[in-house]
Amino acid sequence: MNKISSFDETNDMTDSKITARNVQVYYGDTHAIKDVSINIKPQAVTAFIGPSGCGKSTFLRTINRMNDTIDICRVEGKILIDDEDIYDPKVDPVQLRAKVGMVFQKPNPFPKSIYDNVAYGPRIHGLARNKSELDEIIESSLQKAGLWAEVKDRLHAPGTGLSGGQQQRLCIARAIAVSPEVILMDEPCSALDPIATAKVEELIDELRENYTIVIVTHSMQQAARVSQRTAFFHLGVLVEEGLTQDIFTSPRDKRTEDYITGRFG
Amino acid sequence: MSLGYILLALLVLSVIGYVLGRSKAVSSAGGDGRRLHSLPGYYGWNVVLATLAPSLLVLVVWLFVQPAYINTQVASLISQETVAKSSLDLVLSDVLRVADGLDVAVESGALSQEKAQALSAGSVDVRALLGDLGVALASEVTDEILHAAQAYRDINASGEFYRAILVLAVAIAGFALAIARTHKDFRARNVVEQAIKWILIAAASIAILTTLGIILSLIFNTVEFFKIYPASEFFFGTVWSPSFGGGSELGILPLIWATLYISFIALAVAVPIGLFAAIYLSEYATPAVRAIAKPLLEVLAGIPTIVYGLFALLTVGPLLVDVLGNDGLLGVGWMQGASSVFTAGFVMGIMLIPFVSSLSDDIINAVPQAMRDGSLGLGATHSETVKQVILPAALPGIVGAILLAASRAIGETMIVVLGAGAAARLSVNPFEAMTTVTAKIVSQLTGDADFASPEALVAFALGMTLFVITLGLNIIALYIVRKYREQYD
């Protein structure tokens, strides 16, 4: 690990939104994440790649403590967001999740109207003082998610009636509406067709200006297209992390090279 | 040939058919099972089905037609005067009893077959003769009835004879046809599959036809009732006071009122408790707690309702009187006796808890995990997630569960009979005794009522009313559940 951080001079602690140090995750007796340390840059897209079961989704879920909802899951080590340890007992995981939004693999709009889907977070956290403020939040969230033009005439139609790609953008709008600082995306395009995928990728690129984005993806092309930095996971170990172009053109580790050239995974 | 022997013959025939069909198929393929279209067993089953299905069908039809045919034949032997004295039904049942008596006499050897058929009332005291054999007759046997009984025995005997011949002929024809068709290229498997499909269809139709039969019998008797009692007085009458001497007032309103009142109290108890229990079990309980608590809760559903009735009568009722009665703890004197709407409603509510909780629990569990993740991922707490995402998503199913519980409450009888009292009354005080539609159906039909009187027939009108209400509730419940089921996938 030391070797990596000394090589990669752009990646130092001072310019880091999320800092993980020696993170271990256990599912019962299974050691799912082994001693992962990583710095994640603000206002950038970081992609986690790796073969199935390598632990990249598990690690992603430690960043907003979603693993807390699984009884048998245990996390050790330190994860700092803005220099604050999120596993500190005085941190409320609920508050944390408002700051660190999440978009899931399969679009999961609530069985409510489009409007109520986006309004869900602001209502829970009391972000709007009145109806017109709420309306503003909804409009700007949908606009940022690139969905406003398509749905502005049917805000009160059910969110489940949208197409798959629209549903996923609705879920992104829903996450944006609580003004998070970090957005975690767990294979957000794996259930979408290529055109919807292109739209979501374009959206991710636009969102980068205002948010720190971490995306887990199976597709190396996607990682190459949308991310500035890439981390390669293998068997629960973070093998290599660095600028995306470096990872894809001159990987330092043999395993990374094998994976991106398609020799396994 | 009696029924038992016919069935035995069919059984033997089908066993032979199985063996023959199977071996003929195998030999037509030159002993090589792989050259057959179907597995060898299918050829055997094909013969069995061809033997049994048509012959059993003929037998069943015959069993229904023969008694009706004999009745009309025997009825034509009875003169108008005899019928005028009582009724055709009563005379015919006399004839049947004498005929049965003669059967017993012949079997026990007291009479020979010829003698029994030649017997005449003038020469022998038939009543005394049969009385000695343990067959009691209500009145003296007239010549007319004796002759009718002898004719009945004649027709019956020849009927059984022709029945045996016809059924066996059909069976043998099916057997022969199936054997003749058996060949290595015959598609026995497809034929057997078809037959199985028809057997399944028959089973399903029996269930549906039975329901239809119940509805029809309710409708016919209700129509009978409304012929002798005005419908407007039944539906809008506010007094229920049947008297078997005549001049009853049969207004359904007090009964419907009490039924709905008790059901309402029952649901007011069962819905919150059942729903909260379901939420705890499906959302908060650890798997270990759930594994113990859920079956325990469902034990409640297995308790017979009569036991709940006892609980209402002997425990809850007296307890309530101790608190709310004249000399009770609170000294308010609201309750005079242990039986009351509240007693029955409360106990019925306890009975319905597992009904509501078990169905709701299944429905809440069916809400996809993705919904919970989505809500938690936005920073919602567990209870906000339950309240704002899971319950709304599960609501249609929960409403369906509640409506099903309501139709159970409306149809419930034993708890009401024991817990609610027997007085029909229109009152808003839940601590007074009232009685429901179901309890009155019981009391109108138990005892020696004449089935043609409005006091007995009203039971069918009450039953019909209940049926329409619960059917309506069930249809609404199913509609709601179906309409909103596709909200999430």
Side-chain angles (χ1 to χ4, degrees), chain A residues 60-61 63-72 92-113 116-127 158-161 164 167-168 170-180 182-186 191, chain B residues 275 278-294 360 362-401 479-489:
Chain A
L60 187 78
R61 290 165 66 96
I63 301 176
N64 68 345
R65 292 184 62 176
M66 277 300 278
N67 283 330
D68 289 18
T69 61
I70 300 165
D71 289 331
I72 56 163
D92 179 4
V94 170
Q95 288 303 315
L96 171 73
R97 289 185 203 130
K99 196 168 141 186
V100 184
M102 188 153 191
V103 175
F104 296 85
Q105 189 168 358
K106 216 179 131 214
N108 58 348
F110 303 133
K112 301 171 182 285
S113 69
D116 287 336
N117 260 287
V118 184
Y120 184 79
R123 278 182 181 145
I124 283 178
H125 299 292
L127 299 183
T160 43
Q167 286 189 11
Q168 195 61 298
L170 177 64
C171 292
I172 293 173
R174 190 172 70 181
I176 293 172
V178 291
S179 347
V182 179
I183 300 177
L184 309 176
M185 298 186 176
D186 189 355
Chain B
L275 198 52
I279 292 172
Y280 170 71
L281 282 180
S282 57
E283 289 295 320
Y284 292 92
T286 60
V289 173
R290 187 181 152 83
I292 296 169
K294 199 170 181 210
S360 306
D362 292 344
I363 292 156
I364 291 172
N365 269 328
V367 176
Q369 182 61 30
M371 295 293 136
R372 295 180 181 87
D373 285 347
S375 173
L376 294 173
L378 285 169
T381 62
H382 200 155
S383 79
E384 282 166 344
T385 303
V386 169
K387 209 164 57 198
Q388 305 204 21
V389 175
I390 293 173
L391 285 186
L395 192 64
I398 292 171
V399 170
Y479 172 78
I480 291 176
V481 171
R482 270 206 203 125
K483 179 165 181 201
Y484 295 99
R485 184 182 285 159
E486 293 161 356
Q487 284 270 351
Y488 48 82
D489 50 22

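Letters A, B, ... mirror the listed sequences (proteins, then strands); counts begin at 1.
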Engineer: Indicate the atoms forming the closest heavy-atom contact of D71(A) with P287(B), along with that distance.
Structural biologist: OD2-CD, 4.4 Å
Engineer: Once you round to the nearest 0.5 Å, how far does NE2 of H125(A) lie from CD of E384(B)?
Structural biologist: 7.0 Å
Engineer: Mind listing the closest non-hydrogen atom pair of I124(A) and A380(B) along with its distance?
Structural biologist: CD1-CB, 3.4 Å
Engineer: Hey, mind stepping through T69(A) and L376(B) against side chain to side chain contact (heavy atoms under 4.5 Å, CB included) and telling me if it holds?
Structural biologist: CA-CA 9 Å; T69(A) 61; L376(B) 294 173; 3.5 Å; yes
Engineer: Of the backbone (N, CA, C, O) and the side chain (C-beta and beyond), which part of V103(A) lies under 4.5 Å from a heavy atom of chain B, both, or neither?
Structural biologist: neither
Engineer: By a 4.5 Å heavy-atom criterion (distance strictly below it), what part of S375(B) contacts chain A: side chain, backbone, both, or neither?
Structural biologist: both
Engineer: Can you tell me how far NZ of K112(A) sits from CE of M371(B), rounded to the nearest 0.5 angstrom?
Structural biologist: 10.5 Å
Engineer: Which atoms of F110(A) come close to chain B, meaning under 4.5 Å heavy atom to heavy atom: side chain ones, backbone ones, both, or neither?
Structural biologist: both
Engineer: To the nearest 0.5 Å, what is the distance between CG (D373(B)) and CZ (R61(A))?
Structural biologist: 5.0 Å
Engineer: How far does CG of N108(A) sit from CZ of R372(B), to the nearest 0.5 angstrom?
Structural biologist: 12.0 Å
